[in-house]
Amino acid sequence: MSAQTGTWRAKAGLAQMLKGGVIMDVTTAEQAKIAEEAGACAVMALERVPADIRKEGGVARMADPEKILEIMEAVSIPVMAKCRIGHFVEAQILEALGVDYIDESEVLTPADEENHIDKHQFKVPFVCGARNLGEALRRIAEGAAMIRTKGEAGTGNVVEAVRHARTVMGEIRRLQAMRPDELYAEAKRLGAPYELVKEVAETGRLPVVNFAAGGIATPADAALMMHLGMDGVFVGSGIFKSSNPFERAKAIVQAVTYYDDPAMLAELSRGLGEAMPGIDVSKLAEDERLATRGW
Ligand SMILES: O=C(CO)[C@H](O)[C@H](O)COP(=O)(O)O
């Protein structure tokens, strides 16, 4: 194993500590404190939550370093921050700020439509989005230490998160059923390195943690994603675009823990106030879909 890969294994090991947790998008120190108090295992600093990026348009970039430092100062849980796909200078700046993880995210406007960041060049672990197994393994080959299924961020609609989770898990099960000599052609079909394909076929899981993201808005949504085999969830717009962010955030954290206890989920889902307004994803134009960014 190369020194580079060894570093990747260490970063992937660190991300395992987030397993079973909820990572919440925040734009201010005040929101970060609410997230921490509600039980988030980490927060994600960004300039606007995805629902606002959708509404307001324009180029979505890395958050202001001033804001990120305020958020880091405000909480003791890990702080993640987003950079644009392929924007390795934004990533260098985030690493220099001392964030705990970087999300190379399709939610921001891509800086490079062909190349993702070579994440092996960084000490800080990266999380990246994926819609299917091939995409997840390409990001891991580039050095991602954590994957999140993309879903369709900012819609409050869990349908794409479900599609992407079922796709990744289904493709893993398919690999497990293959003969070893079939894995070479399958690696070609997936567009992913053979060694990673072989590892997934043997272990029956990704070599990094895989969280669900994009459109999770209720405790029931979060529990559904856990049933589908995800290791935890990211929630952005669903919390701070609802009428009662603290109570909803707390309920979503609990729902991830008690995802297999319907009576508990019924209790957690009561009286949370208005959920964020949702969007019918099937009505979105192709260029309004964030999940198709990256490849
Ligand atoms: O990439 C992300 C993880 O932080 C997104 O911000 C996340 O998918 C949030 O989406 P939504 O606003 O639909 O919850």
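All values reported here derive from a predicted model rather than from experimental measurement. Whatever order the structure lists them in is the order used to number ligands and atoms, beginning at 1.
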Task: Residue of the set Q16, R205, R148 for which side-chain hydrogen bond (donor to acceptor under 3.5 Å, both in side chains) holds with D231 - done: R205

Is [X] salt-bridged to [Y], cutoff N-O under 4.0 Å?
| X | Y | value |
| --- | --- | --- |
| R293 | E286 | no |
| K33 | E37 | no |
| R54 | E152 | yes |
| R138 | E135 | no |

- [ ] For the residue pair Y194 and Y184, categorise the inter-ring angle as parallel (less than 30°), tilted (30 to 60°) or perpendicular (more than 60°).
- [x] parallel

Open item on the list: At less than 4.0 angstrom from any atom of ligand 1, which residues have a non-hydrogen atom? List them by chain and residue number.
Closed with: D25, M44, P50, K82, D103, S105, V107, R148, A153, G154, A213, G214, G215, F234, V235, G236, S237

